[in-house]
Enquirer: 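Sharing a structure with you now.
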Amino acid sequence: MKEEQFVYAKEDLQAALEALQRGELILYPTDTIWGIGCDATNPDAVKKVYALKRREDAKALISIVDTNAKLQGLMDEVPELAYDLTDLATEPLTIIYPNVRGLAPNLLAEDGSAGIRVCDEPFCRALCQRFRKPIVSTSANISGEPAPRFFSEISSEITEAVDYVVKYRQEDNRPRSASKIMKLNADGTFVLIR
């Protein structure tokens, strides 16, 4: 089934948007696996995600944006190498950037870095466009448990704990996997994390 065969309802998008605006948690499909999301600039909302996943704050979460322009707004300068890496990537790629600003402090690693992905999935892109801020995108599982490959593998513990579950793509049973992750260092070098 092609992604284009799935069409999201405006009401579904609006309900997810309103939940984010209230500082609540959503469960939503991304360009990779289903994610738990919240306002990436709201420290209280981010705390809720850590609590739900039973994860330490020291393990930073990924955020998504819909355009390179929004990515550029989160740091002084996006290294040219980052554009080269994403252009060459054959799968969704999350890059851990140094010296990120504008995100909730509890999303940043001790060194000030954060993982961010420019997401091209239709629902995520529309949600990011309307929300106008980065959105947390972490796998819809309790830390240490396998990441669900599609909606029906998400535990009821997660679906019942979030404030809004997006309806779009719940019937999509194509197995998906998490993004590749690369860390881009301040000196211009990079390391493959996953």
Side-chain angles (χ1 to χ4, degrees), residues 1-55 60-71 73-74 92 94 102-104 106-107 114-143 145 147-179:
M1 209 178 268
K2 291 183 180 176
E3 200 120 330
E4 296 79 40
Q5 292 176 313
F6 293 99
V7 178
Y8 61 84
K10 289 180 183 175
E11 299 80 19
D12 199 20
L13 181 67
Q14 185 63 31
L17 175 64
E18 289 172 4
L20 291 174
Q21 290 168 335
R22 289 189 300 265
E24 297 175 343
L25 304 187
I26 64 169
L27 181 62
Y28 68 114
T30 72
D31 55 341
T32 59
I33 57 179
W34 276 73
I36 299 168
C38 72
D39 177 351
T41 67
N42 181 333
D44 293 330
V46 173
K47 272 187 206 173
K48 293 179 197 175
V49 176
Y50 283 119
L52 174 57
K53 288 184 66 75
R54 296 185 209 141
R55 187 172 179 173
L61 305 172
I62 292 169
S63 299
I64 60 167
V65 294
D66 59 310
T67 64
N68 284 331
K70 285 187 185 159
L71 175 65
L74 296 173
T94 299
L103 296 180
N106 51 348
L107 274 182
I116 305 168
R117 183 170 71 251
V118 178
C119 188
D120 197 33
E121 192 279 336
F123 185 87
C124 289
R125 192 174 54 243
L127 188 59
C128 285
Q129 284 172 347
R130 289 197 167 94
F131 190 52
R132 298 182 182 175
K133 297 185 219 176
I135 300 171
V136 165
S137 179
T138 185
S139 57
N141 62 316
I142 303 299
S143 285
E145 294 181 2
R149 296 170 301 153
F150 35 80
F151 181 78
S152 62
E153 288 187 349
I154 301 170
S155 75
S156 59
E157 185 174 0
I158 297 291
T159 58
E160 292 169 9
V162 298
D163 301 289
Y164 184 73
V165 179
V166 170
K167 295 167 184 58
Y168 171 66
R169 274 190 33 217
Q170 286 187 13
E171 304 303 317
D172 182 359
N173 288 323
R174 289 174 295 165
R176 295 184 182 249
S177 56
S179 69

Enquirer: Working to the nearest 0.5 angstrom, can you tell me the gap between I64 CD1 and T32 OG1?
Expert: 8.5 Å
Enquirer: Sequence neighbours left out, what passes side chain to side chain contact (heavy atoms under 4.5 Å, CB included) with A45? Give chain and number order.
Expert: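 Counting only residues at least two positions away or on another chain, A45 forms a side chain to side chain contact (heavy atoms under 4.5 Å, CB included) with C38, N42.
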Enquirer: What residue among D31, D120, D66 forms side chain to side chain donor-acceptor pair (under 3.5 Å) with R125?
Expert: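 Only one option passes, and that is D120.
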Enquirer: The criterion is side-chain hydrogen bond (donor to acceptor under 3.5 Å, both in side chains); which residues satisfy it with E145, sequence neighbours excluded?
Expert: none
Enquirer: With a 4.5 Å limit on heavy-atom distance, are the side chains of P29 and V166 in contact?
Expert: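 Yes, side chains in contact.
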Enquirer: Can you tell me how far CD1 of I142 sits from CD1 of I158, rounded to the nearest 0.5 angstrom?
Expert: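 Those atoms lie 4.0 Å apart.
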Enquirer: Got a sec, which pairs hit ring-ring contact (aromatic ring centres under 6.0 Å, His included) with one end in residues 12-31, sequence neighbours left out?
Expert: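 Found none.
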Enquirer: If a pair satisfies salt bridge (charged side-chain N to carboxylate O under 4.0 Å, His left out) and one of its residues is in residues 11-24, list it, with sequence neighbours excluded.
Expert: R22-E24
Enquirer: Going by side-chain hydrogen bond (donor to acceptor under 3.5 Å, both in side chains), name the residues that satisfy it together with R130, two or more places apart in sequence or in a different chain.
Expert: none
Enquirer: Rounded to the nearest 0.5 Å, what separates atom CD1 in I154 from atom CD in E160?
Expert: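 Nearest 0.5 Å value for the CD1-CD distance: 12.5 Å.
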Enquirer: Could I get the full list of ring-ring contact (aromatic ring centres under 6.0 Å, His included) partners for F123, not counting sequence neighbours?
Expert: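 F123: ring-ring contact (aromatic ring centres under 6.0 Å, His included) contacts with Y8, Y168.
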Enquirer: S143: which residues meet the side chain to side chain contact (heavy atoms under 4.5 Å, CB included) condition with it, sequence neighbours left out?
Expert: K53, R55
Enquirer: Check side-chain hydrogen bond (donor to acceptor under 3.5 Å, both in side chains) between N173 and all other residues, then give those that pass, not counting sequence neighbours.
Expert: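 N173 satisfies side-chain hydrogen bond (donor to acceptor under 3.5 Å, both in side chains) with no residue once adjacent residues are dropped.
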Enquirer: By salt bridge (Lys or Arg N to Asp or Glu O under 4.0 Å), which residues pair with R54, not counting sequence neighbours?
Expert: E157
Enquirer: With sequence neighbours left out, what residues match K48 under salt bridge (Lys or Arg N to Asp or Glu O under 4.0 Å)?
Expert: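 Counting only residues at least two positions away or on another chain, K48 forms no salt bridge (Lys or Arg N to Asp or Glu O under 4.0 Å).
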Enquirer: I'd like to check the side chain to side chain contact (heavy atoms under 4.5 Å, CB included) partners of A51; sequence neighbours left out, ordered by chain and number.
Expert: none
Enquirer: Of all residues at least two apart in sequence or in a different chain, which pass the side-chain hydrogen bond (donor to acceptor under 3.5 Å, both in side chains) check with T94?
Expert: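 side-chain hydrogen bond (donor to acceptor under 3.5 Å, both in side chains) list for T94, sorted by chain: R117, S179.
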Enquirer: Supply the atom-to-atom distance N141 CG to W34 CH2, rounded to the nearest 0.5 angstrom.
Expert: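 The distance works out to 14.5 Å.
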Enquirer: Quick check for you: to the nearest 0.5 Å, what is the distance between L13 atom CG and L127 atom CG?
Expert: 5.5 Å
Enquirer: Quick check: does any side chain N or O of Q14 sit under 3.5 Å from a backbone N or O of K10, one acting as donor and the other as acceptor?
Expert: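 Judged by distance alone, no pair lies under 3.5 Å.
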Enquirer: Using the side-chain contact (heavy atoms from CB on, under 4.5 Å) rule, take L52 and V162 through it: C-alpha gap first, then chi angles, then the decisive distance, then the call.
Expert: CA-CA 8 Å; L52 174 57; V162 298; 3.9 Å; yes
Enquirer: If you round to the nearest 0.5 Å, how far is CG of N106 from OH of Y50?
Expert: 6.0 Å
